[in-house]
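Below is one structure, written out as C-alpha cells; comments come after it.
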Number of protein chains: 2
Amino acid sequence: MLESIALGMLLENDLTGYDIKKFIENGIGVFYKASFGSLYPALKRLTEKGYLTTRDKPQGSRKKIFYHITEEGRKQFFHWLSSPMDIFEGTNTHLAKVYFFDHLEAEIRSQQLLEYEINNRNYLKKLRELEKGFTELDNKECFSPLFITESALRRKPSAGVVISVCRNR
Amino acid sequence: MLESIALGMLLENDLTGYDIKKFIENGIGVFYKASFGSLYPALKRLTEKGYLTTRDKPQGSRKKIFYHITEEGRKQFFHWLSSPMDIFEGTNTHLAKVYFFDHLEAEIRSQQLLEYEINNRNYLKKLRELEKGFTELDNKECFSPLFITESALRRKPSAGVVISVCRNR
DNA sequence: CTCGTCATGTAAAGTGTTACATGATTGT
DNA sequence: ACAATCATGTAACACTTTACATGACGAG
C-alpha cells in the first residue's frame, strides 16, 4: 500500500523521503498515515525492484536523496490504481469493540460512544475543510465523480458505513 | 486486537480455537476477520501471559483444546473494553486510492466507483440483515445505545464516513 | 545558543497473511 | 469412496509501529 502511495507521490516531481512524508500528511493523510520507519524501507524496496532511481543532491553538508519514478514504476502504479477498490471488510478495528459493549456498564458505554461521536464530528470537520479547499481547484472536472459528500450520502447511504451490531446467543 | 477479541469470546464459555474462529465469523466478523495463522499463536501468547488456561478434551482420537479465561484475562479484557474508542484515522486503505483518481481515465474511474458503490450496497445489506436478527433479541436494552443506524446517520452524519477528497497542487 | 525543522536511517517488537502439513469425522 | 468440515499447528514472508541514533540548518 505505502509503496503504491509513494509511487503516486512521485508521478509529477522527484522528491526526498522527507518530502513524501510531508505530502502524505498534507494530502492523502486523512486516509493513510505513514511513519519514517515504514517509508524509508519502502523506498529502498521500490528502488531495488527498479521502480525508482535515486539521485543524491546534498545541500551543503546535508544529505538529500531525490527519488525518481521509472517507466516500470509508472506501470506498476497504474496497475494498482486500475485494480478494483475493495471495500474495507476485514479489520475495522475501532468498531470491533462495540461488539462487546453489552458487557460494559451503561455509563461507560454511553461515555465512550459520546466520545466517539465527538471524534467523528471532528473528523467530519476536517473532511469538510478539505472539501472546501477542493471546490476552489481549477481542475474540478478531474474530480467530479468523487463528489460523494454528505448530501449524496443522504440519498445513497451505500457510501457511508452504518453501524449495527448483533451477537447471537 | 485479536487477543482482546479472543478473550471476549471466552467470557461466557470455554471454546476451542476452531470454535472461536467460527464465533468471530458469525458475529464480530463484519468488523474483524481472523485467520488460524494469527488466532492459534494469539491463544498461545494469551496462555503464556496467564490470561487463559487450557484443557485438553480429545473426542475419540480427535485433538481438542478448550481455552478458559482466567481472572487476569477478564481484567485485561475489561481494561481494553473500557479504553476509549479511537476513530480510524490512519490506514483507511480502500479510500487511499481515490486520492489519485485524477490520474485515471474517467471511464475506468466511473466503473470503479460504481463497483465500489455496489460493494457498499452489499455490505449495507449484510449489516441490515444483522440488524434484523438484532431487533429480535430479548436483551435489547443492553444494546440500545448502539442503535446508530442509517436513520440516525441521516440526522447525525458524524457516525458515517463522508468521502471527500482534495489534492493540493 | 538553543529550539524547531530538515533529513536519513536502523532495531526490536508486534501483528498479520498465505501456504503448507497433518489427520479425524461426518454426510452422501 | 469422496468431499466437506472439524481441528491444530508451523514457516516464510510482509508490513508496520515505536523508539532510538545521528547530525545539519535557520531563526530568534
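Below, read A as the first sequence line, B as the second, and so on, with proteins coming before strands; counting in each chain starts at 1.
- Between B:Tyr18 and C:dT25 there is no side-chain polar atom (N or O) within less than 4.0 angstrom of OP1 or OP2.
- An OP1 or OP2 oxygen of D:dC6 is reached within less than 4.0 angstrom by no side-chain nitrogen or oxygen of B:Thr16.
- Residue pairs that meet the salt bridge (charged side-chain N to carboxylate O under 4.0 Å, His left out) test with at least one member in residues 42-56 of chain A, sequence neighbours left out, are A:Glu3-A:Arg45, A:Glu3-A:Lys49.
- Between A:Gly17 and A:Phe36, the shortest heavy-atom distance links the atoms O-CE2, 4.5 Å.
- Here C:dT15 is the nucleotide among C:dT15, C:dG9, D:dT8 with the atom lying nearest to any side-chain atom of B:Glu3.
- One atom, NZ of B:Lys21, and another, P of C:dT17, lie 10 Å apart when rounded to the nearest Å.
- We find the CD1-CE distance between A:Ile5 and A:Met9 to be 7.0 Å, quoted to the nearest 0.5 Å.
- Rounded to an integer number of Å, the gap from B:Lys64 NZ to D:dT5 P is 17 Å.
- Residues B:Phe100 and A:Phe77 bring their aromatic ring centres within 6.0 Å.
- Side chains of A:Phe23 and A:Glu25 form no contact here, defined as non-hydrogen atoms less than 4.5 Å apart.
- Rounded to whole angstrom, the span from the NZ atom of B:Lys49 across to the C1' atom of C:dT15 amounts to 11 Å.
- No side-chain donor-acceptor contact under 3.5 Å links B:Ser82 to the backbone of B:His79.
- Hydrophobic clustering (side-chain heavy atoms under 4.5 Å, transitive across Ile, Leu, Val, Met, Phe, Trp, Tyr) keeps A:Phe66 apart from A:Tyr40.
- At whole-Å resolution of the value, CD in A:Glu25 and P in C:dA7 are 13 Å apart.
- When rounded to the nearest whole Å, the span between CD1 of B:Ile20 and C1' of D:dC6 equals 15 Å.
- In terms of phosphate contacts, B:Lys63 brings no side-chain nitrogen or oxygen within less than 4.0 Å of OP1 or OP2 of D:dA7.
- Contact check on B:Lys75 versus B:Glu71 returns no salt bridge, with no Lys/Arg side-chain nitrogen under 4.0 Å from an Asp/Glu carboxylate oxygen.
- None of B:Asp14, B:Thr47, B:Thr54, B:Thr53 except one satisfies the side chain to side chain donor-acceptor pair (under 3.5 Å) rule with B:His68; the exception is B:Asp14.
- Between D:dA7 and B:Lys22, no contact under 4.0 Å exists linking OP1 or OP2 to a side-chain N or O.
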Can you give one letter per nucleotide of nucleotides 19-26 of chain D, going 5' to 3': B for a protein heavy atom under 4.0 Å from the base, S for sugar-phosphate only, - for none? -----BB-

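- Distances shown here put every side-chain N or O of B:Ser38 at or beyond 4.0 Å from the OP1 or OP2 atom of C:dT15.
- Per the geometry, NZ belonging to A:Lys33 stands 17 Å off C1' belonging to D:dT18, to the nearest Å.
- Only B:Tyr40, B:Lys44, listed by number, bring a heavy atom of residues 39-47 of chain B to less than 4.0 angstrom from any atom of DNA chain D.
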